[in-house]
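Accompanying notes for the structure given below.
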Amino acid sequence: MSFLTGMEVAASGLSAQRTRLDVTASNLANAETTRTAEGGPYQRRQVIFEARRAEDFGRQLDGAVRRVDVSDIEVDAVTPGRLVYDPGHPDADLEGYVQMPNVDVVEEMTEMVMASRSYEANATSFETLKNMAQRALSIG
């Protein structure tokens, strides 16, 4: 495995976790949005990851090393949002209930912490590979 392949794997992890953080931040920002351009309340989005072969090393060891890519950002249309009684709200129904987004703030904060830790692990991996490459160059 070359240093560049390892760096490619770590960089793919950094990119994927950044996308995960962006989507989580969007979910938190819209946790109280009751009206969207599509109509209805905001619906939670979720990043779907997919393992892909790392090019150089994958050929040699039959795909043992894989990089991660974001394959899709899925909208959670299954989980219902909570109903809040607020008859004065402009989006309230005839009975006075407002359909809120299906975003759970605690779950989103947990997701954000996990994405942040994973991002840090990938950054550490990348830094370690960079230091190994520099030391290898100084030897010869």
Taking all atoms of both residues into account, what is the closest heavy-atom pair of [X] and [Y], and its distance?
| X | Y | answer |
| --- | --- | --- |
| V23 | R45 | CG1-O, 3.5 Å |
| R20 | A115 | CD-CB, 3.7 Å |
| A31 | V105 | CB-CG2, 4.2 Å |
| E111 | T24 | CG-OG1, 3.5 Å |

Going from CZ on R18 to OH on Y119, what distance comes out if it is rounded to the nearest 0.5 angstrom?
7.5 Å
How far does CG of L14 sit from CD of E120, to the nearest 0.5 angstrom?
11.0 Å
Quick one: salt bridge (Lys or Arg N to Asp or Glu O under 4.0 Å) pairs with a partner in residues 85-101, sequence neighbours left out?
R35-D91
Evaluate the criterion salt bridge (Lys or Arg N to Asp or Glu O under 4.0 Å) for residue pair R67 and D69; output intermediate values, then yes/no.
CA-CA 7 Å; R67 54 176 281 151; D69 285 330; 2.8 Å; yes
Could you tell me which residues satisfy side chain to side chain contact (heavy atoms under 4.5 Å, CB included) with [X], sequence neighbours excluded, listed by chain and number?
| X | answer |
| --- | --- |
| N131 | E127, Q134 |
| R82 | E32, V84, M100 |
| V113 | R117 |

Between N27 and Y42, does any side-chain donor sit less than 3.5 Å from a side-chain acceptor?
yes
Does a donor on one side chain sit under 3.5 Å from an acceptor on the other, for S125 and N122?
no
Can you list the residues that meet the salt bridge (charged side-chain N to carboxylate O under 4.0 Å, His left out) rule with E74, with sequence neighbours excluded?
none
Suppose we screen for ring pair (Phe, Tyr, Trp, His ring centres under 6.0 Å). Which residues come up paired with F49, at least two apart in sequence or across chains?
none
Return yes if some donor-acceptor pair links the side-chain N/O of N102 with the main-chain N/O of R44 below 3.5 Å, else return no.
yes
